[in-house]
Amino acid sequence: MRTVLHPCLSALTTLGLGGRAAVCLMPETEDDLLHLEEEAERFGGKLICLGGGSNILADDGELQLALVSCALLKEREVIGRDEDGSILVRVGSGTPLPRLLAWAAARGLSGLENLAGIPGTVGGAVAGNAGAMGTAMGDVLRSALIWSRISGLQRMDRQSFEIGYRHFALRGQKDFFVLVDAVLALRESRRDVIHQIMKEHVQRKCRVQPVREKTAGCVFKNPEGISAGLLLDRSGLRGYGFGGVKFSERHANFLVNSGMGTASAALDLLHEAREKVRNLFGVSLNLEVKLWCEDIHI
């Protein structure tokens, strides 16, 4: 198992904020997974998985976290067909999601093209049930190889998971787990059609989202029946910020770091935004971004 002491969280997250974790653990074999707990205890950190760092707001200062970056399986391979004729693809959790989409498109495999433009890793996309344009990772997930304290290393089918809007969990378990790989069910289609859909989605994102800035993506989940970005916009929060962080002028639900921001300012801004939306519209916004903080509630 490779280890990196005191990794800088601002360098590991797309938002570019955060202090330092206790350690980053990088298991290289399945046997390494069995030693994650003792390694975390040795370095004094709480186990938490790190994917591509694209949906994370990490606090400033020294955080007692033991990051787990799992990339045991890097290949993408077709392993057979599902009962409904879908093509089953196995992919490692550390694989960048854009790389998987390009690989699938080149082989005429459809089902993921609506996710074009979403950063991060496959593991992070599954764990957050990432989605766009009516498609989510949970829609194509058939099984996953999971390591947990309770179950050890085993392949679990879809019925073993709780999957919802930006939500993924092991059914009946709240313990720490590592997603090693995922098996996805895709369908055959024309390559040119898949590429065209992906191109259109990426172009749209470039028009309406701050894709070239330091951002963690959407910070709030959409309440039922309305867009969180619209509520923030109507609250006068588009472009509003302080302390080096703000809500994007392009999309009010994107938090942007100018490069001089702090996590403390970002947390204050999110708290202020939630209060304003609640007071104006009676709607409580729930966070989509994951907070890596201690004893902070928003």
Side-chain angles (χ1 to χ4, degrees), residues 1-14 18-59 61-77 79 90-97 99-100 120-129 137 141-158 160-162 167-184 290-295:
M1 175 144 31
R2 290 191 296 135
T3 61
V4 176
L5 293 177
H6 310 299
C8 183
L9 293 168
S10 62
L12 295 174
T13 59
T14 59
R20 292 186 179 275
V23 67
C24 182
L25 305 173
M26 291 168 280
E28 298 178 302
T29 67
E30 292 182 359
D31 186 60
D32 285 343
L33 295 170
L34 305 178
H35 302 288
L36 286 176
E37 288 184 283
E38 61 187 74
E39 288 295 289
E41 291 177 5
R42 183 160 73 95
F43 292 105
K46 175 185 176 182
L47 287 169
I48 190 166
C49 281
L50 172 70
S54 59
N55 191 36
I56 296 166
L57 169 53
D59 203 0
E62 301 292 326
L63 301 182
Q64 294 304 306
L65 298 176
L67 312 181
V68 178
S69 179
C70 184
L72 302 184
L73 176 69
K74 298 182 180 179
E75 296 81 8
R76 301 161 296 284
E77 60 177 344
I79 60 173
R90 184 171 68 118
V91 57
S93 63
T95 302
L97 184 61
R99 188 177 299 170
L100 171 62
T121 62
V122 170
V126 172
N129 194 22
M137 286 296 290
L141 181 69
R142 289 298 177 268
S143 70
L145 185 61
I146 300 285
W147 178 86
S148 72
R149 293 183 176 110
I150 295 175
S151 305
L153 186 66
Q154 65 171 300
R155 183 161 298 282
M156 299 181 176
D157 60 21
R158 181 184 171 83
S160 302
F161 310 127
E162 296 176 3
H167 172 76
F168 176 90
L170 303 188
R171 194 175 299 280
Q173 295 187 33
K174 293 185 178 181
D175 212 353
F176 172 80
F177 67 90
V178 177
L179 192 147
V180 179
D181 75 30
V183 172
L184 311 177
K290 302 295 187 295
L291 295 185
W292 286 3
C293 309
E294 295 180 16
D295 302 323

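All heavy atoms count here, side chains included; hydrogens, waters and symmetry mates do not. Starting from 1, each residue takes its place in the sequence as its number.
- In this structure, the side chains of His167 and Asn129 stay at 4.5 Å or more apart for every pair of heavy atoms.
- Between the side chain of Arg2 and the backbone N or O of Met26, no donor-acceptor pair lies under 3.5 Å.
- Aromatic ring pairs are classed by plane angle as parallel below 30°, tilted from 30° to 60° and perpendicular above 60°; the pair Trp147 and Phe176 is perpendicular.
- For the pair Thr95 (side chain) and Val122 (backbone), a donor-acceptor distance under 3.5 Å is absent.
- Between Gly45 and Ala22, the shortest heavy-atom contact is CA-CB, 4.4 Å.
- When side chains are defined from C-beta on, Ile146 does not count as touching Val180, because their heavy atoms never get closer than 4.5 Å.
- Taking 4.5 Å as the limit, every side-chain heavy atom of Met156 sits out of range of all side-chain heavy atoms of Arg171.
- Shown here for Ala40 and Ala66, the closest heavy-atom pair between the two residues is CB-CB, 3.8 Å.
- Side-chain contact between Leu170 and Phe161: present, with at least one pair of heavy atoms (C-beta onward) separated by less than 4.5 Å.
- A donor-acceptor pair is defined here as one N or O able to donate and one able to accept, closer than 3.5 Å; no such pair exists between the side chain of Ser143 and the backbone of Asp157.
- Inter-residue side-chain proximity for Leu36 and Met1 is flagged as met; some heavy-atom pair is nearer than 4.5 Å.
- If you run side chain to side chain contact (heavy atoms under 4.5 Å, CB included) between Leu12 and each of Val4, Ile56, Leu67, only Leu67 comes through.
- Residues Gln173 and Ser148 approach most closely at OE1-OG, 3.5 Å, considering heavy atoms.
- Looking at Gln64 and Lys46, their side chains never come closer than 4.5 Å, going by heavy atoms from C-beta outward.
- Atom CD1 of Ile48 and atom CG of Leu25 lie 12.5 Å apart (nearest 0.5 Å).
- When all heavy atoms are compared, the tightest approach of Trp292 to Leu50 is CH2-CD1, 3.9 Å.
- The pair Arg155-Asp181 counts as a salt bridge, with a side-chain nitrogen and a carboxylate oxygen less than 4.0 angstrom apart.
- Checked by atom type and distance alone, the side chain of Arg20 never pairs as donor or acceptor with a backbone atom of Pro7 at under 3.5 Å.
- Among all heavy-atom pairs drawn from Cys70 and Leu179, the shortest one is SG-O, 4.5 Å.
- Looking at heavy atoms from C-beta onward, Thr3 lies in side-chain contact with Glu39 at the 4.5 angstrom threshold.
- Considering only heavy atoms from C-beta on, Thr121 stays 4.5 Å or farther from Ser93 through its side chain.
- Within a 6.0 Å radius of NZ in Lys290, more than 12 heavy atoms belonging to other residues, nucleotides or ligands are found.
- For the atom pair CG (Asp31) and CG (Leu34), the distance works out to 5.0 Å, reported to the nearest 0.5 Å.
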